[in-house]
Amino acid sequence: MTITSPSAVGGPALPQRRELVTEIPGPRSREILARKSAAVPRGVGITVPVFVVAAGGGVLLDVDGNSLIDLGSGIAVTTVGNAAPEVVAAIVDQAQAFTHTCFMITGYEGYVAVAEALNRLAPGDHEKRTALFNSGAEAVENAVKIARAATGRSAVVAFDHAYHGRTNLTMALTAKAMPYKSGFGPFASEVYRAPMSYPFRDGGLDGAEAARRAITQIEKQIGAQSLAAILIEPIQGEGGFIVPADGFLPALAAWAAANGVVLIADEVQTGFARTGAMFACEHEGVVPDLIVTAKGIAGGLPLSAVTGRADLLDAVHPGGLGGTYGGNPIACAAALAAIDRYEHGGLVERAREIGAILRGRLDAMRAADPRIGDVRGRGAMIAAEFVDPASGEPDAALAARVAAAAHAEGVVVLTCGTFGNVIRFLPPLSIGDELLVEGLDVVRSALETS
Ligand code: PLZ
């Protein structure tokens with residue numbers, strides 16, 4: 001079996017332009033798509049059915065030679081850039097030295113160095129520990145294990161619109177049935193749901209009122225003495241880029257602290273410069289007890305982490321945390337290079353600049369078209385929510401049409417939201433202004449003709 005090899009190198013060396021030489025998908029992608037249908041279950045979908053051979057800067061190059069603008073970063077993963085040269089060099093170096101030992105069998109310094117970096121960067125100046133895993137879901141599961149072990153309690157609260165993964169416990173924590181949960185139960189027990197602050201849809205509740213509503217429900221339906229943890233995305237990702245009203249997160253944090261409940265921030269999607277801060281909790285000065293990270297951490301390699309209060313992480317007995325691949329040495333080398341870029345490469349500032357461009361364009365589109373009901377987000381994590389202007393009801397069909405039209409024109413955008421009516425923008429921070437603006441122009445035309 002021959003596999004199409006890249007005709008150009010990835011990384012920023014790739015020509016930074018949108019160029020379609022075939023329709024999307026082109027003939028070669030269609031051939032592979034037919035093979036995919038025969039070899040891969042339909043449960044594993046593809047949003048834009050092209051097959052990539054190289055990527056970098058702000059573009060994805062497909063097997064037919066089409067160059068697409070990337071406004072999704074593989075769902076907020078290649079924040080530092082795809083095939084970022086520093087990350088690639090670190091991966092190559094490490095792969096040539098050794099690829100695996102299993103950190104639980106014989107250690108290596110890279111794991112410890114990633115833990116030190118995360119302990120330093122995570123909010124709060126208390127003593128911290130970090131344990132490494134492979135995926136966001138696996139890290140969320142481990143954060144819950146740690147909270148339960150440390151508190152001796154079992155209940156966990158997650159919120160409306162939450163997304164935390166596809167494993168059994170994280171399906172229970174995730175709110176949306178279709179496609180994530182339908183048919184896959186029974187789910188893990190002792191998971192409870194509380195109302196989120198969703199300023200566009202909760203009738204003008206301010207942060208304090210929305211927190212009071214959630215806390216009352218928690219106190220009445222679960223009881224603080226049974227509750228191990230409150231788990232929350234500081235800005236909800238898959239649920240629709242929902243930014244809670246100011247004061248909501250600090251009020252939850254204060255209640256959790258007063259009641260011995262572990263506050264777990266799921267920063268899998270929001271972490272690592274994405275929102276114009278290293279972590280989204282920082283925007284509201286919230287210091288979570290545990291913070292879960294993944295996605296952007298290692299520039300595309302699978303790695304995730306639970307970072308937090310040393311007393312909580314050290315409450316788990318020796319041997320209680322681990323996994324064969326957790327903190328793989330190549331992923332750790334990639335993470336150290338990526339984290340260096342986040343810290344010293346001006347990427348937090350770059351996320352803010354990208355955010356200003358996104359907001360400027362999307363606010364202008366909203367002013368011109370009442371079918372955009374809301375534009376929200378922070379930094380390079382911004383979304384537009386589509387509605388029926390007469391009723392305010394979610395318009396998922398419109399979001400789907402706009403996204404499909406953008407895809408056909410060579411712009412990769414993603415939808416999200418409980419109601420499926422949100423288009424989200426998560427460009428790699430390595431994208432240039434011109435390409436970003438061109439991508440947004442394509443989306444605007446797509447809306448005009450949809
Ligand atoms: N927590 C906040 O955003 C992953 C899921 C895509 P994994 N989001 C993308 C899909 O349809 O599967 C995510 C997240 C938040 C946890 C996760 C889970 O991270 O690395 O996908 O397990």
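Just follow the structure's listing: the first ligand is 1, and inside any ligand the first atom is 1.
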Residue part near ligand 1, for Glu138, under 4.0 Å between non-hydrogen atoms: neither
Close N or O approach (Val268, ligand 1; < 3.5 Å): no
For atom 6 (C) of ligand 1, closest protein heavy-atom neighbour: Ile75 CD1, 3.6 Å
Evaluation steps, salt bridge (charged side-chain N to carboxylate O under 4.0 Å, His left out), between Asp314 and Arg129: CA-CA 8 Å; Asp314 280 337; Arg129 301 281 186 271; 3.0 Å; yes
Glu233, any N or O under 3.5 Å of ligand 1 N or O: no
Protein contact to atom 1 (N) of ligand 1 [nearest heavy atom, distance to 0.1 Å]: Asp266 OD2, 2.7 Å
For Tyr180, atoms of ligand 1 separated by under 4.0 Å from a heavy atom: 11 (O)
Stacked cation flag Arg201 on Phe419, 6.0 angstrom / 45 deg: yes
For ligand 1, the portion of Ala294 having any non-hydrogen atom under 4.0 Å away: neither
N/O separation below 3.5 Å, Lys295 to ligand 1: yes
Ion pair Arg18/Glu409, N-O distance below 4.0 Å: yes
Evaluation steps, side-chain contact (heavy atoms from CB on, under 4.5 Å), between Leu303 and Asn134: CA-CA 4 Å; Leu303 186 71; Asn134 300 288; over 6 Å; no
Partner of Ile423 by side chain to side chain contact (heavy atoms under 4.5 Å, CB included), out of Leu362, Leu447, Val402, Ile382: Val402
N-O pairing of Arg376 and Glu385 below 4.0 Å: yes
Heavy-atom protein contact below 4.0 Å for atom 21 (O) of ligand 1: no
Residue, atom name and distance, where the atom is the protein heavy atom closest to atom 16 (C) of ligand 1: His164 O, 3.4 Å
Atom 18 (C) of ligand 1 - nearest protein heavy atom and its distance: Ala137 N, 3.6 Å
Numbered atoms of ligand 1 (with element) below 4.0 Å of Ser135, judged on heavy atoms: 20 (O), 22 (O)
Parallel, tilted or perpendicular: rings of Tyr111 and Tyr108 (30°, 60°): perpendicular
Protein residue, atom and distance nearest to atom 3 (O) of ligand 1, heavy-atom basis: Gln269 NE2, 2.8 Å
Heavy atoms of other groups near Glu349 CD, more than 12 under 6.0 Å: yes
Taking atom 11 (O) of ligand 1 as the reference point, the nearest protein heavy atom with its distance: Arg166 NH2, 2.7 Å
Test of proximity, Gly136 against ligand 1: N or O pairs below 3.5 Å: yes
Part of Tyr163 within contact of ligand 1 (heavy atoms, under 4.0 Å): both
Lys295 charged N/C atom sitting above Phe272 aromatic ring, 6.0 Å / 45°: no
Close side-chain approach of Val114 and Thr130, heavy atoms under 4.5 Å: no
Which segment of Gln236 sits under 4.0 Å of ligand 1 when only heavy atoms are counted: neither
Gln236 and Gln269 side chains, donor-acceptor separation under 3.5 Å: no
